[in-house]
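Working notes for the structure below.
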Amino acid sequence: MGEHVHDVVVVGAGPAGSTTALRLARAGFSVALVDARRFPRFKACGEFMSPEVIPMLEELGLRPELEARGVREVRGMVLHGHGRRVCGKFVDVGRAHAPFDYGWAVRREVFDEVLLRAAERAGARLYEGWRVDELLRGPDGEVAGVLARKPGGSPIALRARWTIGADGTRSGVATALGVRKESNWLRKIALTTRYEGVPWGDRAEVHFLEHGFFACAPIDGGAVSLNLVLDRAEYEREKLGRDELLETWLARTPLLGERIARGRRIDPVRGTGSMAMKTSAQVLDGVALVGDAAGYVDPVTGEGIFFAIKGGQMLASALEPALHDYRTDAAALAPYLAGRKREIAPRAAVSTLLQRGLRHPRLVSAAFRLLAGHPHLVDTIVSVAGDYVPTRELWRPRVWVHALASERSPA
Ligand SMILES: Cc1cc2nc3c(=O)[nH]c(=O)nc-3n(C[C@H](O)[C@H](O)[C@H](O)COP(=O)(O)OP(=O)(O)OC[C@H]3O[C@@H](n4cnc5c(N)ncnc54)[C@H](O)[C@@H]3O)c2cc1C
């Protein structure tokens with residue numbers, strides 16, 4: 001069996017894994033980046049990135065390349081539900097300044113490949129098309145790397161001082177560590193596809209339905225990315241194939257369906273199963289989880305890419321001193337856990353709260369009535385989903401006084 005030795009092995013080359021690998025490779029460490037798939041690869045996603053993601057991509061020097069690849073600027077969100085339509089922009093909220101008044105949207109085939117190739121250029125050794133199927137252990141039980149194999153091939157051992165599980169919601173690393181737990185209340189499925197020729201502006205749209213939602217964003221090449229997220233129970237009750245199920249729900253959502261019908265579907269309708277899961281620990285001796293592998297709620301607020309890249313930034317800055325000091329104990333990554341508690345946990349909690357609220361149609365209807373009368377409130381909600389408003393800002397009464405002070409003038 002072949003064997004390679006690195007400082008760090010990163011499992012999964014989505015935004016979390018590639019940006020962690022990129023940062024560590026630039027810091028001079030020997031990094032292996034392993035992904036079961038070959039790139040460019042499809043990833044089910046609404047393909048929207050919140051404004052707070054852009055400064056992190058700028059810091060990584062990737063803005064020019066992404067712009068050259070056609071990222072679209074998305075200047076806010078339109079929310080539809082219960083017969084109402086409200087529009088929100090990305091604005092300053094309290095003391096939180098909007099880094100940009102737009103987010104970005106681009107095909108994940110493009111985005112993930114740009115990040116992956118940047119990591120490779122920085123010196124990360126890429127194992128593309130290699131599936132990790134086992135963790136290696138050191139003398140004291142600490143994780144000491146992985147076994148990876150190509151389909152039908154023999155395994156290689158990738159030994160490393162730190163192993164990073166960035167392998168998404170179904171994380172094999174988190175499962176092997178015994179820390180992964182699927183949500184038992186948030187059981188959803190998502191159907192994903194893209195259209196061209198649909199008349200569309202520069203906003204993302206969310207259409208709330210009784211049992212889920214449609215989320216759409218304008219992406220590169222003038223196309224529109226469309227996701228239908230439904231309660232799994234509803235999907236099982238309908239007993240329809242993916243194409244028919246999507247058509248049925250588009251017909252039930254005429255405000256969206258009629259516009260989509262003016263374009264042409266350019267991708268198959270792909271499905272993905274339950275997404276929500278959590279982990280009981282994100283760091284153990286010799287191993288850390290990042291991105292969806294560390295836990296994921298649901299795509300309604302479109303924050304997964306932010307969590308992945310922010311997580312990668314915090315993990316890489318905690319790993320650097322640990323690697324310099326030859327430490328592999330979990331305590332060495334305490335700053336990463338503190339960062340997650342500060343930056344990710346409160347936002348994930350807001351997302352969970354929103355998910356719980358969405359299960360009560362009367363609550364959603366009342367929320368839409370309130371939003372329809374208060375445009376600043378819509379801006380505030382959209383800006384919170386833009387990831388640049390720290391949750392502590394939401395405890396300041398002035399924020400809500402301002403949000404509720406504005407009333408829509410009678411048209
Ligand atoms: C329907 C839907 C819509 C969404 N919409 C949005 C949105 O609009 N905006 C947003 O910000 N987020 C959205 N998300 C969430 C977002 O897609 C994820 O949060 C994000 O992709 C997480 O990045 P990651 O790097 O953690 O994982 P991933 O992007 O999932 O990457 C994980 C990688 O690990 C690899 N891998 C898995 N197992 C192995 C293995 N055993 N060996 C080797 N490699 C392996 C996979 O091939 C994959 O490339 C959406 C998610 C869904 C499901």
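The basis for the numbers below is simple: all heavy atoms, side chains too, and nothing from hydrogens, waters or symmetry mates. Counting starts at 1 for both ligands and their atoms, in listed order. Model, not experiment: these values are computed from the prediction.
- Side-chain contact of S383 with D379: a donor-acceptor pair under 3.5 Å is absent, judged by distance alone.
- Counting only heavy atoms of the protein, atom 27 (O) of ligand 1 lies nearest to G168 CA, 3.9 Å.
- Residue-level proximity to ligand 1 for P15 is carried by backbone and side chain together, each with a heavy atom below 4.0 angstrom.
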Salt bridge (charged side-chain N to carboxylate O under 4.0 Å, His left out) between E238 and R252: does it pass, once the steps are laid out? CA-CA 14 Å; E238 299 255 20; R252 288 175 189 163; 2.8 Å; yes
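- Of the polar atoms of A36, at least one N or O is found under 3.5 Å from an N or O of ligand 1, judged by distance alone.
- Relative to atom 24 (P) of ligand 1, the option among A16, A13, A44 with the closest non-hydrogen atom is A16.
- Short contacts between ligand 1 and R131, defined as distances under 4.0 Å to a heavy atom of the residue, involve ligand atoms 40 (C), 41 (N), 42 (N).
- When only non-hydrogen protein atoms are considered, atom 37 (C) of ligand 1 lies nearest to D167 O, 3.4 Å.
- Within ligand 1, the atoms closer than 4.0 Å to a non-hydrogen atom of E47 are 7 (C), 8 (O), numbered from 1 in the order shown.
- In plain terms, the two heavy atoms of I189 and G273 that are nearest each other are CG2-CA, 4.4 Å.
- Below 30°, between 30° and 60°, or above 60°: for H376 and H402 the angle between ring planes is below 30°, a parallel geometry.
- Shortest contact from atom 4 (C) of ligand 1 to any protein heavy atom: G46 N, 3.2 Å.
- Looking at atom 42 (N) of ligand 1, its nearest protein heavy atom turns out to be V132 N, 3.0 Å.
- Annotation for ligand 1: atoms under 4.0 Å from non-hydrogen atoms of R37 are 47 (O).
- Among protein heavy atoms, the minimum distance from atom 31 (O) of ligand 1 is reached at G14 CA, 3.5 Å.
- Not one N or O of D112 is nearer than 3.5 Å to an N or O of ligand 1, by distance alone.
- Within the 4.0 Å heavy-atom shell around ligand 1 one does not find G172.
- Between R194 and I219 the shortest side-chain heavy-atom distance falls below 4.5 Å.
- Of the candidates W130, F42, Y296, Y296 brings a heavy atom nearest to atom 50 (C) of ligand 1.
- Less than 4.0 angstrom separates some heavy atom of N227 from each of these atoms of ligand 1: 1 (C), 2 (C), 3 (C).
- Side-chain N/O atoms of H6 and S30 include a donor and acceptor closer than 3.5 Å.
- The atoms of ligand 1 that sit less than 4.0 Å from any heavy atom of I305 are 10 (C), 11 (O), 12 (N).
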Given salt bridge (charged side-chain N to carboxylate O under 4.0 Å, His left out), test D231 with R187 step by step and report yes or no. CA-CA 6 Å; D231 292 343; R187 290 169 45 78; over 6 Å; no
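- Looking only at heavy atoms of the protein, atom 28 (P) of ligand 1 is closest to K43 CE, 4.0 Å.
- Remark: of the listed residues R26, R23, K310, R23 is the sole one forming a salt bridge (Lys or Arg N to Asp or Glu O under 4.0 Å) with E59.
- Contacts between A148 and ligand 1, counted as non-hydrogen atom pairs separated by less than 4.0 Å, are absent for every part of the residue.
- Here E303 has backbone heavy atoms under 4.0 Å from ligand 1, and that is the only part of it that gets that close.
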Determine, step by step, whether D35 and R37 satisfy the salt bridge (charged side-chain N to carboxylate O under 4.0 Å, His left out) criterion, reporting the C-alpha distance in whole Å, the side-chain angles of both residues, the deciding distance to 0.1 Å, and the verdict. CA-CA 5 Å; D35 202 291; R37 306 275 303 276; over 6 Å; no
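- Considering backbone and side-chain N/O of T272, none are found under 3.5 Å from N/O of ligand 1.
- Summarising the contacts of atom 13 (C) of ligand 1 with A276, A308, C45, the nearest heavy atom is found in C45.
- Some N or O of G304 is nearer than 3.5 Å to an N or O of ligand 1, by distance alone.
- Annotation: atom 53 (C) of ligand 1 to nearest protein heavy atom, M275 SD, 3.3 Å.
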Report, one line per pair, each donor and acceptor closer than 3.5 Å where one atom sits in a side chain of residues 255-263; sequence neighbours left out.
{"from": "R259", "atom 1": "NH1", "to": "E205", "atom 2": "OE2", "distance (Å)": "3.0"}
{"from": "R259", "atom 1": "NH2", "to": "E205", "atom 2": "OE1", "distance (Å)": "2.7"}
{"from": "R259", "atom 1": "NH2", "to": "E205", "atom 2": "OE2", "distance (Å)": "3.2"}

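- Ligand 1 has no nitrogen or oxygen under 3.5 angstrom from a nitrogen or oxygen of G291.
- For ligand 1, the atoms lying closer than 4.0 Å to a non-hydrogen atom of A190 are 1 (C).
- In this structure, the side chain to side chain contact (heavy atoms under 4.5 Å, CB included) partners of R137, at least two apart in sequence or on a different chain, are L135, V143, L177.
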Would E3 and R159 count as a salt bridge (charged side-chain N to carboxylate O under 4.0 Å, His left out) here? Give the steps. CA-CA 7 Å; E3 180 171 306; R159 297 200 177 273; 3.2 Å; yes
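- D112 and R41 are joined by a salt bridge, as a carboxylate oxygen and a charged side-chain nitrogen come within less than 4.0 angstrom of each other.
- Taking a cut-off of under 4.0 Å to the non-hydrogen atoms of G12, the atoms of ligand 1 that pass are 33 (C), 34 (O), 35 (C).
- Note that R270 lies in the cation-pi zone of F42, set by a 6.0 Å cut-off to the ring centre and a 45° limit from the axis.
- Using modelled atom types, one finds a donor on one side chain and an acceptor on the other under 3.5 Å when comparing T279 with Q282.
- For R108, every heavy-atom contact with ligand 1 shorter than 4.0 Å involves the side chain, none the backbone.
- Contact atoms of ligand 1 toward A166: 32 (C), 33 (C), 34 (O) (distance under 4.0 Å to a heavy atom of the residue).
- Given atom 19 (O) of ligand 1, the protein heavy atom at minimum distance is D292 OD1, 2.7 Å.
- Looking at E73, its side chain never comes within 3.5 Å of a backbone N or O of G103 through a donor-acceptor pair.
- For D35, heavy-atom contacts with ligand 1 shorter than 4.0 Å involve the backbone as well as the side chain.
- For atom 9 (N) of ligand 1, the nearest non-hydrogen atom from the set Y127, F48, F306 comes from F48.
- Distance CZ/R107 to CZ/R69: 10.5 Å, rounded to 0.5 Å.
- Between G46 and A217, the shortest heavy-atom distance links the atoms O-CB, 3.9 Å.
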